[in-house]
Amino acid sequence: VSTDYKILYANAAMGTMIGRSPEEMLGESPYLLVGPETDMETVEQILETFRTGEPFQEMVRFYRKDGSAFWDLFSINPIYDGSGQIREFVGIHRNVTEMVESSRKFEYESLHDKLTGLPNRHSFELHFRQALTRARRTRDSVALGFIDLDDFKPINDRYGHEAGDVLLREFAARALALVRETDFFGRLGGDEFVVIFESLGENDGGLEERLGAAVDRLHEAVTSPFEILPGATVSIGMSMGLALFPSDGESADELLRKAD
């Protein structure tokens with residue numbers, strides 16, 4: 001990174017934002033704000049602005065003197081002299097960390113189930129359509145499984161909703177640990193869960209064996225009892241309906257109906 005560009009002036013608000021006095025920044029390179037998670041392509045855009053004079057505005061991950069990170073809505077504009085030459089640049093910094101984190105939290109919550117932390121129905125619908133697109137491109141197979149927990153309602157009625165929630169969270173954690181990295185596992189609501197098995201290989205003689213192994217592995221989530229209250233354990237089963245792309249259907253809606 002070029003060090004030809006130096007800070008000529010910084011106000012007190014900038015100093016407060018990054019934990020440095022204005023005097024401490026004078027003569028320093030703007031690169032002092034860059035840290036481990038700063039996008040270097042964005043840094044290159046900033047340097048290109050210095051070279052060409054094109055205005056810049058972007059959200060950048062910058063760092064304070066103590067090493068803590070913050071999100072900066074950073075803009076740069078050139079200042080010209082009387083002959084039309086660039087004399088200096090003015091940078092305006094705005095700490096938007098709270099706004100960014102709130103937005104990310106909202107995005108996460110919109111895609112995840114609050115109780116279990118698993119991907120929710122909306123996330124499943126997005127992922128399933130993407131999985132079908134990938135499968136069409138690679139001529140691969142995809143299996144969709146709808147899961148119901150057997151005898152969950154009587155357990156919920158007998159021990160209460162809090163105990164039922166403990167069971168759901170524990171089942172979710174067990175099942176998530178058993179699926180492959182290439183598979184998707186989420187909760188639709190209540191005791192209904194969904195799994196998408198990807199990368200099964202082409203629809204050949206080994207497909208049934210590979211899918212069977214994946215289903216058997218997932219079933220291990222209910223082979224051990226669940227402790228839902230101190231001293232109270234219960235056992236449950238699980239039922240799964242499967243639909244296979246492309247043999248059971250070509251569209252997401254058709255496969256969803258068949259699996260259900």
Side-chain angles (χ1 to χ4, degrees), residues 1-127 129-130 133 165 169 172-173 176 181 184-187:
V1 176
S2 173
T3 58
D4 294 342
Y5 309 103
K6 305 295 183 182
I7 297 173
L8 303 178
Y9 168 80
N11 62 19
M14 179 63 183
T16 300
M17 183 185 297
I18 68 170
R20 299 174 186 268
S21 68
E23 295 75 18
E24 188 180 354
M25 287 183 275
L26 296 184
E28 292 290 335
S29 165
Y31 191 62
L32 63 82
L33 295 171
V34 172
E37 295 182 11
T38 304
D39 179 40
M40 297 311 294
E41 290 186 6
T42 303
V43 173
E44 184 58 37
Q45 292 176 29
I46 293 171
L47 295 176
E48 185 67 15
T49 289
F50 290 146
R51 289 190 288 265
T52 65
E54 290 295 324
F56 168 89
Q57 185 176 63
E58 192 68 63
M59 203 125 59
V60 191
R61 186 75 159 167
F62 278 151
Y63 286 78
R64 301 181 181 89
K65 183 178 181 179
D66 64 7
S68 60
F70 67 100
W71 285 102
D72 186 347
L73 182 58
F74 181 38
S75 63
I76 306 172
N77 289 283
I79 302 297
Y80 294 90
D81 61 20
S83 62
Q85 298 298 311
I86 295 176
R87 179 165 56 92
E88 58 196 22
F89 294 87
V90 173
I92 301 174
H93 300 262
R94 180 186 175 195
N95 188 337
V96 292
T97 302
E98 185 175 341
M99 180 185 73
V100 172
E101 291 180 348
S102 295
S103 176
R104 289 185 171 182
K105 180 181 178 183
F106 175 78
E107 181 180 7
Y108 178 88
E109 290 178 347
S110 71
L111 294 173
H112 290 79
D113 173 55
K114 186 175 181 179
L115 177 65
T116 64
L118 291 175
N120 61 14
R121 180 182 290 272
H122 179 52
S123 183
F124 155 70
E125 291 172 351
L126 293 174
H127 186 94
R129 282 163 175 76
Q130 292 168 358
T133 299
D165 288 348
R169 282 194 295 266
L176 189 60
E181 290 186 4
F184 173 96
F185 186 75
R187 183 186 181 213

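Throughout, numbering of the chain's residues begins at 1 and tracks the sequence. Every value quoted in this text rests on a predicted model; they were computed, and no experiment measured them.
By the 30° and 60° cut-offs, the orientation of the rings of H93 relative to F62 is tilted.
Interatomic distance, E23 CD to M25 CE, rounded to the nearest 0.5 Å: 8.5 Å. Here L47 contributes atom CG and Y5 contributes atom OH; the two are 6.5 Å apart, rounded to the nearest 0.5 Å. Distance CZ/R87 to OH/Y80: 12.5 Å, rounded to 0.5 Å. Here the NE2 atom belonging to H122 is positioned 7.5 Å from the CD atom belonging to E125, to the nearest 0.5 angstrom.
When the side-chain hydrogen bond (donor to acceptor under 3.5 Å, both in side chains) test is applied to R94, no partner is found at least two apart in sequence or on another chain. Taking the salt bridge (Lys or Arg N to Asp or Glu O under 4.0 Å) definition, one finds that E181 meets it with nothing, sequence neighbours left out. Not counting sequence neighbours, the partners of H127 by the side-chain hydrogen bond (donor to acceptor under 3.5 Å, both in side chains) test are E198. Here E88 pairs with nothing under the side-chain hydrogen bond (donor to acceptor under 3.5 Å, both in side chains) rule; sequence neighbours left out.
The closest donor-acceptor contact from the side chain of S102 to the backbone of M99 lies at 3.5 Å or more, if one exists at all. With hydrogens and angles ignored, the 3.5 Å screen pairs a side-chain donor or acceptor of Y63 with a backbone N or O of E37. Without hydrogens or angle criteria, T49 side chain to E54 main chain gives a donor-acceptor distance under 3.5 Å. T38 places a side-chain N or O within donor-acceptor distance of the main-chain N or O of R61, the cut-off being under 3.5 Å.
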### Query
L111 and L126: side chain to side chain contact (heavy atoms under 4.5 Å, CB included), yes or no, with the steps?
CA-CA 10 Å; L111 294 173; L126 293 174; 4.0 Å; yes
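Note on residues 110-123: pairs passing salt bridge (Lys or Arg N to Asp or Glu O under 4.0 Å), not counting sequence neighbours, are D113-R187.
In summary, E48 and R51 engage in a salt bridge, as defined by a charged side-chain N under 4.0 Å from a carboxylate O. With respect to the salt-bridge test (charged N to carboxylate O, under 4.0 angstrom), the residues E98 and K105 do not qualify.
Across L118 and A172, no two heavy atoms sit closer than the pair CD1-CB, 3.5 Å. Shown here for N120 and H112, the closest heavy-atom pair between the two residues is ND2-N, 3.3 Å. Contact record, R20 with L32: NE-CD1, 3.7 Å, taken as the closest heavy-atom pair. Residues F89 and G53 approach most closely at CE2-CA, 4.2 Å, considering heavy atoms.
A heavy-atom distance below 4.5 Å is not found between the side chains of I18 and D72. Side chains of F74 and I46 form a contact here, defined as non-hydrogen atoms less than 4.5 Å apart.
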Sequence neighbours left out, cut at 3.5 Å: what donor-acceptor pairs do the side chains of residues 7-17 make with other protein atoms?
unit_1	atom_1	unit_2	atom_2	d
N11	OD1	A13	N	3.3
N11	OD1	M14	N	2.8
T16	OG1	A12	O	3.1

